[in-house]
Amino acid sequence: MASEVQHHEEHHHHEETFLTKYVFSMDHKMIGKQFLITGIIMGLIGMGMSLLFRLQLAWPDTSFPILDTFLGKWSDNGIMDPNMYLALVTIHGTIMVFFVLTAGLSGTFSNLLIPLQIGARDMASGFINMLSYWFFFLSSVIMVASIFVPDGPAAAGWTIYPPLSALPAAMPGSGMGMTLWLVSMTLFIASSLLGALNYIVTVLNLRTKGMSMTRLPLTIWAFFVTAILGVLSFPVLFSAALLLLFDRSFGTSFYLSDILVGGEVLSNTGGSPILYEHLFWFLGHPEVYIILLPALGITSEVIATNSRKPIFGYRAMVGSILMIAFLSFIVWGHHMFVTGMNPFLGTVFTFTTLLIAIPSAVKAFNYLTTLWKGNLQLTPAMLFSIGLVSTFITGGLTGIILGDSALDINVHDTYFVVAHFHIVMGLSAIFGLFAGVYHWFPKMFGRMMIRPLGYAHFILTFISAYGVFYPMHFLGLAGLPRRYYTNTAFPMFDNLADINVIISVFAILGGIAQVIFLFNFFYCAFRGKRAPQNPWRSNTLEWTTPVEHIHGNWPGAIPEVHRWAYDYSKPGAKEDFVPQIVPLSENEEPSGH
Amino acid sequence: MMTFLIILVVALAAVALVQIVRIFEVSNTLTPAKEEDNRPSHKDNDIQGKILFVLGMLFVVFSVWSIFKWGGYILPVSASEHGLETDRLLWITMAVIGFVFLITQPLLFWFVYRFRGIKGRKATYMEHNNKLELLWTSVPTVVLAIIITYGIITWGNIMNPEFEEEPIVVELYAKQFGWQARIAGEDNVLGNANVRFIEGINSIGIDPNDLNGLDDIVTSELMLPVGKPILFKFRAQDVIHSAYIPHFRLQMNCVPGTVTQFAFTPNKTTAEMRRDPKVIRQISGINEIREAKGEEPYEFDFVLLCNKICGAAHYNMQMKIVVGTEEEYNQWLKEQTTFAESL
């Protein structure tokens, strides 16, 4: 105890400059905020791009002068260039998947919550944590810079399959833009690994007294398992990118064979693009859960707190996270049913893929049961979490069609896929991100967000989210392929034009709705109402720290934990919550285990 | 003028925003913050619970309504034998997931409404219930076991088909940005091919020294006989493409350096499809739209599309496929020139 106090005293003697406090900070709370704000900026760029290509898809023949403004030479009298269209969908996908929903979501909340919720002064290594953010920052800068190179940014789809991505002769985006994409992603992988290793070590070693693994809040379980997924899968993406770099620059043939492009026969033989696809999706599928699990963890915490009930089936929730994480490593082939790989593999991957529906169903039912007979406090965070449960169910169900190899043949790479992954992964994760921001904003900035604006933001976002992605199922079942610059080349798709207009109108509405959030966020970060210490009457440890951030989190000793995180409305307790630091009273049965 | 108006509107909006913010700040200082103020009141919970319930139910209604509204746009009955099987599997799966969707979504939004935190509401403490959890682990497991088994059997039938006669071998050749087809000719064996043989008239690189290739027929429009098994072989010249023929429920990637394949039996001719009531309904709807835009009327045809991003004109990489009777097919074959003749 004495050494703890001394340790904390030392921190106060240490003067912090602007540079060490806000820029090269090693404090996990500041790094979390840095991740969040960078993520929000990247999210704006990614969303803005989607609005530009939605204009093109809904009104392909209409001239939009605004396109000239944004795209410069890539737009001719308000009509977008096809190469630019492909570049926009590519960079939109890359930014959303990696920069917003991986770094922006997991980076923000793992950093903010792991030390606070397990009762640690900071991450295991503050320096590595700082490096993790700055690698991410550099990677973001390079990715954004790549948009402005003369030949345009990478445009081979966010999965950058070679040979398209390997040959500058195949498309302009595969020149300088692709090189920068690869450099940016390499830095991103480094950032991701540094962060993940830190999270794992911190959760395993720095839990406070009494915080056994089975008393961890589900947020921490989700971040912990996510970090393990990242450490095991991102290096494989790195190897894929490295081999691609070799093929592009040093004349190797890992992915290239028997190619004639730009009127020239290439000397490469013996390589296979399928190898790249295997390597890519060995990361790519776990990546889906790297995105989704933190959102589910946040939801578990927000739903339990605001239902004023324990999360239903804590052990089943942990079990299903572990099950999903394990299965996510043996399902990547379902992205490749029609690549020509051995049909037997299709059988295996169909089997493993559809198994994921079981732990997912358990999670969905447990959320429903947590709400049942609760006393629901409908904060904006709670609304977004409920929205997540809805999108998780809707999108998860269509996965049963796509994961079935026989059915995938006809809907593979159509808008059905676009609908599925945007709902189950995109919307769920972004709803989880918003839920997290609304819920932990008081912890991040010591101020409250404006609740009515939060409600307006949720309602508009919920409506536009389903308005955009639900109709896409029909486009896909009608056979409309994704990544088409326009659908007018095929008369058979002419009757789908109306649906595309509806989708774009909802997309624009959704874009406008985010302005409400931005205002709410930045205004309240500086001028919002002062937050009380525990605004949501929550049990977890982060709400026992002072509102004003201090280095080391707790002014005195780190509190000891006596119970699990979910003693809400426990019979016999005076209030409807019992924080984890409260010792068991006499005759009280410990709950949860 | 327009620019001026836009600037004016933006300026006014900014002024309005500043005013709203000031009102908010003033009201903030007038009412000192109490801890409870930060949490939704009973009234907030009441209103938000009702709003989300209505929104959720609207979504459920919209999802059902859209089936009636847009259900007619999705692909009609398939024109291949395996397509009948996959369509059946699709509709069974759809029924299962539709059922689950229509139970869980209303339940979710009903719970939000029913248990919204209005005055006097108390939460019931429950940690877990082994019986319930066992129930909703085992029921999905059983249902999935059935779907998985059915799916795997169907997949096996499609990928390893057993035909009564030897399938006609046809190559589909993809390049930026177009398709070509090569029929194996009388010997039904495709000659070796490689991009290195591409020269002049030999546009898809048939090895001129391979005797099997001499009777191959290269075309830019394909005809297939109805009811005969077809074995498609796929090659690509430059980047990955994907051969997608929606009405055949057929898709396979074309990968440079590799030959992929897909076997199937077309079971409807183009003429039969044009007489199909569902197809007629779709086409007449499309033609109404085309007429309004002043475009030529469209007639049904099978079409091969590219479904893997391949470059600028990816969106317009197509080839017409005609399915005819055996006589029509043989007639058509006679009119084509073989590789040997073209040299």
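Order of the sequence lines fixes the chain letters, A, B, ..., with proteins taken first and strands second; residue numbering starts at 1 for each chain.
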> Checking B/R196 side chain against A/L266 main chain: does a donor-acceptor pair fall under 3.5 Å?
Replying inline: yes

> How about A/T350 and B/W155: do any of their side-chain heavy atoms sit closer than 4.5 Å?
Replying inline: no

>> Only pairs of heavy atoms separated by less than 4.5 Å count here; which of B/T154, B/T86, B/N316, B/L144 has the most with chain A?
In response: B/L144

> With no hydrogens and no angle check, is any side-chain donor or acceptor of A/W536 less than 3.5 Å from a backbone partner on B/R39?
Replying inline: no

>> Let's go through A/D494 and B/E295 carefully: what are the C-alpha distance in whole Å and the side-chain angles of both, what is the deciding distance for side-chain contact (heavy atoms from CB on, under 4.5 Å) to 0.1 Å, and is it a yes or a no?
In response: CA-CA 11 Å; A/D494 276 356; B/E295 285 167 352; 4.1 Å; yes

> Measuring from A/W372:CH2 to B/L107:CG, what's the distance to the nearest 0.5 Å?
Replying inline: 10.5 Å

> Please walk me through it: do B/H247 and A/M492 pass side-chain contact (heavy atoms from CB on, under 4.5 Å)?
Replying inline: CA-CA 11 Å; B/H247 290 97; A/M492 72 179 271; 3.8 Å; yes

> Would you find a donor on one side and an acceptor on the other, under 3.5 Å apart, between the side chain of B/Q251 and the backbone of A/I409?
Replying inline: yes

> Quick one: what part of B/S63 sits under 4.5 Å from any heavy atom of chain A, side chain, backbone, both or neither?
Replying inline: both

> Roughly how far apart are B/T93 OG1 and A/L397 CG, rounded to 0.5 Å?
Replying inline: 11.5 Å

>> Need one label for A/V265: side chain, backbone, both or neither, based on atoms under 4.5 Å from any heavy atom in chain B.
In response: side chain

> Taking C-beta and beyond as the side chain, do B/L108 and A/Y367 meet within less than 4.5 Å on heavy atoms?
Replying inline: no

>> Is the distance from the ring center of B/H314 to that of A/Y484 below 6.0 Å?
In response: yes

> To the nearest 0.5 Å, what is the distance between CG (B/L90) and CG (A/L407)?
Replying inline: 5.5 Å

> Is any side-chain heavy atom of B/K122 less than 4.5 Å from a side-chain heavy atom of A/S569?
Replying inline: no

> In terms of heavy-atom pairs under 4.5 Å, which option from B/I283, B/D87, B/N157, B/I67 contacts chain A the most?
Replying inline: B/I67

> At a heavy-atom separation under 4.5 Å, does A/L86 approach chain B through its side chain, its backbone, both, or neither?
Replying inline: side chain

> For the candidates A/A316, A/A170, A/A361, which exhibits the highest count of non-hydrogen atom pairs separated by less than 4.5 Å from chain B?
Replying inline: A/A170

>> Looking at chain B, which one of A/R308, A/H412, A/M171 has the largest number of heavy-atom pairs inside 4.5 Å, strictly under?
In response: A/H412

>> Shorter than 4.5 Å, heavy atoms on both sides: which option in A/T370, A/D498, A/I400 has the most such pairs with chain B?
In response: A/I400

>> So, taking the atom named CH2 in B/W136 and the one named CG in A/L368, what distance separates them when rounded to the nearest 0.5 Å?
In response: 8.0 Å

> With chain A, which of B/D44, B/N130, B/T260 has the greatest number of heavy-atom pairs at distances under 4.5 Å?
Replying inline: B/D44

> Do you know which of A/Y485, A/Y85, A/F462, A/F337 has the most heavy-atom pairs under 4.5 Å to chain B?
Replying inline: A/Y485

>> Under the criterion side-chain contact (heavy atoms from CB on, under 4.5 Å), I'd like the reasoning laid out for A/I259 against B/Q237: C-alpha separation, chi angles, the key distance, then a yes or no.
In response: CA-CA 6 Å; A/I259 288 167; B/Q237 172 174 304; over 6 Å; no

>> Let's test your reading of the structure: which of A/L480, A/I311, A/T369, A/D576 forms the most heavy-atom pairs below 4.5 Å with chain B?
In response: A/T369

> Got a second to check how far A/S257's OG is from B/N194's CG, nearest 0.5 Å?
Replying inline: 8.0 Å

> What pairs with B/F62 under ring pair (Phe, Tyr, Trp, His ring centres under 6.0 Å), at least two apart in sequence or on another chain?
Replying inline: A/Y470

> With a 6.0 Å cut-off on ring centres, are B/F59 and A/Y466 close enough?
Replying inline: yes

> Between B/N45 and A/L378, is there a donor-acceptor pair closer than 3.5 Å when you use the side chain of the first and the backbone of the second?
Replying inline: yes

> Of all of B/R235, B/M94, B/K293, which one pairs up most often with chain A through heavy atoms under 4.5 Å apart?
Replying inline: B/M94

>> Using modelled atom types and a 3.5 Å cut-off, is there a donor and acceptor pairing between side-chain atoms of B/E127 and backbone atoms of A/F312?
In response: no

> Looking at B/I148, B/L52, B/I74, which one has more heavy-atom pairs under 4.5 Å with chain A than the rest?
Replying inline: B/I74

> Which region of B/N287, side chain (C-beta onward) or backbone (N, CA, C, O), has a non-hydrogen atom less than 4.5 Å from a non-hydrogen atom of chain A, or is it both or neither?
Replying inline: neither

> So what's closer than 4.5 Å to chain B heavy atoms on A/A156: side chain, backbone, both or neither?
Replying inline: backbone

Donor-acceptor contacts, no H, no angles, side chain residues 159-167 of chain A, under 3.5 Å, sequence neighbours left out:
from: A/Y161; atom 1: OH; to: A/W281; atom 2: NE1; distance (Å): 2.7
from: A/S165; atom 1: OG; to: A/I160; atom 2: O; distance (Å): 2.9
from: A/S165; atom 1: OG; to: A/Y161; atom 2: O; distance (Å): 3.3

> Are side-chain heavy atoms of B/Y125 and A/K309 found at a separation under 4.5 Å?
Replying inline: no

>> Working note: B/I198 + A/L260, criterion side-chain contact (heavy atoms from CB on, under 4.5 Å); need CA distance, chi angles, decisive distance, verdict.
In response: CA-CA 9 Å; B/I198 291 176; A/L260 186 156; 3.8 Å; yes

> For A/N410, does its backbone N or O pair with a side-chain atom of B/Y244 as donor and acceptor, under 3.5 Å?
Replying inline: yes

> Say you draw a straight line from OH of B/Y315 to CZ of A/F493; how long is it, rounded to the nearest 0.5 Å?
Replying inline: 14.5 Å

> Do you know which of B/R121, B/Q48, B/R116, B/R290 has the most heavy-atom pairs under 4.5 Å to chain A?
Replying inline: B/Q48

> Relative to chain B, which of A/F351, A/F344, A/Y455 shows the most heavy atom pairs under 4.5 Å?
Replying inline: A/Y455

